[in-house]
Amino acid sequence: MIVVQLLINGIIAGSIYALVAVGFSLIYATNRFIHFAHGGFVTVSAYLIYLFFTLVGLNFYISALLTILIAGFLGWLVYKLVYAPLKKRKVSNAVLLIASVGLLILLENLMLLIFGADVKSVGYIQIRKGIEVFWGIITLLQIVIVILTVILLLILWFFMKKSRLGKIMRAVADNAELANIIGIDANKFCYLSFIIGTALAGVAGILVALEQNIEPVMGTGLIIKGFTGAIIGGVVSVPGSILGSYLLGLVENFGIWFLPSGYKDAIAFVLLFVFLLFKPTGILGLRGKDREQKL
Amino acid sequence: MAKTKKIILWLIVAIIVIGGIWYGVTKKPVEKGAIKIGFIGPLTGEAAIYGTSPKKGADLAIEEINAKGGINGKKLELIVEDSKCDPKEAVNAINKLVNVDKIKFIIGGMCSSETLAAAPTAESSKVIMISPVSTNYKVSQAGDYIFRTVPSDALQGKKAAELAYQKGFRKAAILYVSTNDYGLGLEKVFKEEFSKLGGTVVISEGYAAGDSDFRTQLTKIKFANPDVLFIPSQMPGNDLIVKQAKELGIGCQIIGTETMQDENFVKTVGKAADGIIFTSFAEYKGAQADAFSARFKAKFSEEKTIYSDYAYDAVYALEKAMTACKDVQDSVCVKTELYKTDFIGATGPVGFDENGDVKGKDFAVFKIENSQFVPYEK
C-alpha cells in the first residue's frame, strides 16, 4: 500500500522537523526573537555524539547524555556571550536575528574546520530492512524518533500549561516588562529557555546524526524546515510547532506523490505562504483578539 | 568593566589587522614573475570533496614542477577560489581570476555545473580551463579553450545502460540529482541508451542536492517494481539513498556512478553497500600511476583519492604545452599546443580530441565487496 508508506514517510520527516522546531519554538516563546543558530547547535550536537561515541569510544548512552548536557551548557553560554549583551543595549529584534544567522554560519564553519568536509557516520546502527507495520516499512530508530517526539509533545504541553515554571515562562513570553514588575526575573527565564531549548537541540542532533549521517552544513536545512514547521504550528506555542512540523512532513511527502520530487521545498513554502496569508498565527497560535482577552 | 571590554575589543581589532597584513605579505608569490594558475572548485559546502581531492593532486604536481625549476625558470603558483559547487560562485571566481589576478590558465571547475557556467567567460577572454572532474556530456561543446582530463558521461551513461541490459534487466528506475548538470546529464544519457537497447525506464525521480530524505522517491520507485535502480548522484546523497532504499526493502540491483568510489561512502553505508555495481574511470596500471600513488601517500599520508590523479595530469598537460611555447603566458599558443598533448601521466596516456575531451579513456565497471572496490567480472 503506497498510501501507508507515504503516511509513514511523512510522519518520520515530520518528527525530525518537530525535534528541531520544538527547541526553536521554546526559545522563541520566551525571548521573542528568531534564533536561527538553533540549527547550528543541532549540527554541533551531531558532531559531539560522533566525537564521544565514534572517536573516543564511550558507551552510547553516556555519549548521548554528555552531548545533551554540553548542548544545554552551550545554550547558556551563547545567551551569556551573544544575546544578553545585545539585549542589554536594547537592540531591535532584527539585530538579534542577524546575530543568530552569523552564529549559525560560524558554528557550521567551525565544524567544517575541525572535522573536515566529508560525511561522517556515527555507525551505532547497522543498516538493514525495516519492520513491516500495516503494509508499510519503518525502522526501529524511526519508531524511537516518532515516539520520542510524541512524548516531548506531551511533556512540553504539560510543562507549559500546568507547571509553575511553564506558567512563568508563558508570562514572560506574553509581556516581559509586566512580568518584571510583578517580581519575575525575566532574564533568568530567558537563560532557562536557552538551556532547555539547546538541550533539546542536543536530542535532535543525536537522532538526526543516527538517521541522516553528519555533515557541516546540515543545520541550515534543518532549521529552515523546523522554522517553517514552527510558524505553521503557531510559533509561540511549543506543542503547536510540533503539530505544524507533522503537517509539513505529511504535506511534503504526499505532495510529491503527484508532483515531481523536485517540488518538495516548493510545496513546503506554499504551505507556509497559505498559513501566513490566511492564518498567520498558525494552528495553535493565539489570534490578536483572543490574546488581548487572555491578557 | 567597560574599560576592560574596550581594551579587549581593541586588542581583537589589532590582532585581526596585524594578522591580515601578515597573511597578505606572506601570501605574495614565492618569486616575482611566478606563473599564476587558477583553481576553481568547491572547498566548503556539501560537495567539498570534489574540490579538496583534485586540489591535492594539483598541489603535488606544482610542487614537483617547482622543485625541478619551474617552467622556463619561472615557478608556478596556484591561486585557489572556492566555488562551492555553485554555478554563480564559479562565475564570480572566474571573473576574479581573469580580471583581478590576470590569470590565463585554470584547473577547474569541478562540478559540471561550475565548468559550464564559467566556460563562456573563459572562452571570450581566451583563458584555458582544464577540468579534472566535470564529466557532463555538454562540456565537450563548451568551447575551444575548455579541456578535461576525465572522460565524458556520454560514455559513462552508455556503459551503465549496457551493463544493466547485459545483466538481463529490462525495467530500470532512476533516482538522480536534478539540481545540477551531473545528474541531469547522466539521467538523459542512460534513458536514451537503455531505450535504444530495448529496455524501458519505468520511473525516473529527481531530488535536490542537499536533500537528506529520499523515502518518498524511493517508495514511488519501489511500487513501480523495477529490475534495476540507477543512481547518478553524489556524496553526500549516495550514502543516504542506499541506506533508505535498503531500509524500505528495495532489493533490486543498484548501479551507481564514479561518485560511489569514495571511502566515505562505504564507511557510512557499511555492509549494505556490498553487491552494488558502479561505473568509474578505468584504472591505469603503469609505472606512472604507481609513482603518483607513492608520492601522494608520502605528501598527504593517505591513499590517493578519486580525481586527484586527473588533476595532477591536468597540471602536467599545461606544463608540457607551456614549455613548448616561446611566451608561456600566450594562451593562444598554449591552447594550440594542448591539442597536440601526448604523454603518459598518472591516469595513462593523456591527449585531447578536437572537443578538448581526453582521448582513449573509458569507464570500467566495479563491484563493492566487503566494502572494497573490486573490478567487476562478468
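Naming convention: chains lettered A, B, ... in sequence-line order (proteins, then strands); numbering from 1 in each chain.
Contacts between A:Ile2 and chain B at a heavy-atom distance below 4.5 Å involve backbone atoms as well as side-chain atoms. Proximity to chain B is limited to the side chain of A:Val217, based on heavy atoms less than 4.5 angstrom apart. In this structure, chain A has no heavy atom under 4.5 Å from any part of B:Val242. Only the side chain of B:Ala272 comes within contact range of chain A, with heavy atoms under 4.5 Å apart. For chain B, the nearby part of A:Ile12 is the side chain; its heavy atoms alone come within less than 4.5 Å.
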Across chain B and chain A, what donor-acceptor pairs are shorter than 3.5 angstrom?
unit_1: B:Glu205; atom_1: OE1; unit_2: A:Ser261; atom_2: OG; d: 2.2
unit_1: B:Ser212; atom_1: OG; unit_2: A:Gln212; atom_2: OE1; d: 3.3
unit_1: B:Ser212; atom_1: OG; unit_2: A:Gln212; atom_2: NE2; d: 3.4
unit_1: B:Asp213; atom_1: O; unit_2: A:Lys264; atom_2: NZ; d: 3.1
unit_1: B:Arg215; atom_1: O; unit_2: A:Asn9; atom_2: ND2; d: 3.4
unit_1: B:Arg215; atom_1: NH2; unit_2: A:Glu211; atom_2: OE2; d: 2.2
unit_1: B:Thr216; atom_1: OG1; unit_2: A:Asn253; atom_2: OD1; d: 2.3
unit_1: B:Thr219; atom_1: OG1; unit_2: A:Asn9; atom_2: ND2; d: 2.8
unit_1: B:Lys220; atom_1: NZ; unit_2: A:Ile256; atom_2: O; d: 2.5
unit_1: B:Asp239; atom_1: OD2; unit_2: A:Asn213; atom_2: ND2; d: 2.9
unit_1: B:Lys243; atom_1: NZ; unit_2: A:Glu211; atom_2: O; d: 2.8
unit_1: B:Glu247; atom_1: O; unit_2: A:Gly130; atom_2: N; d: 2.9
unit_1: B:Glu247; atom_1: OE1; unit_2: A:Gln142; atom_2: NE2; d: 3.3
unit_1: B:Asn264; atom_1: ND2; unit_2: A:Asp118; atom_2: OD2; d: 3.3

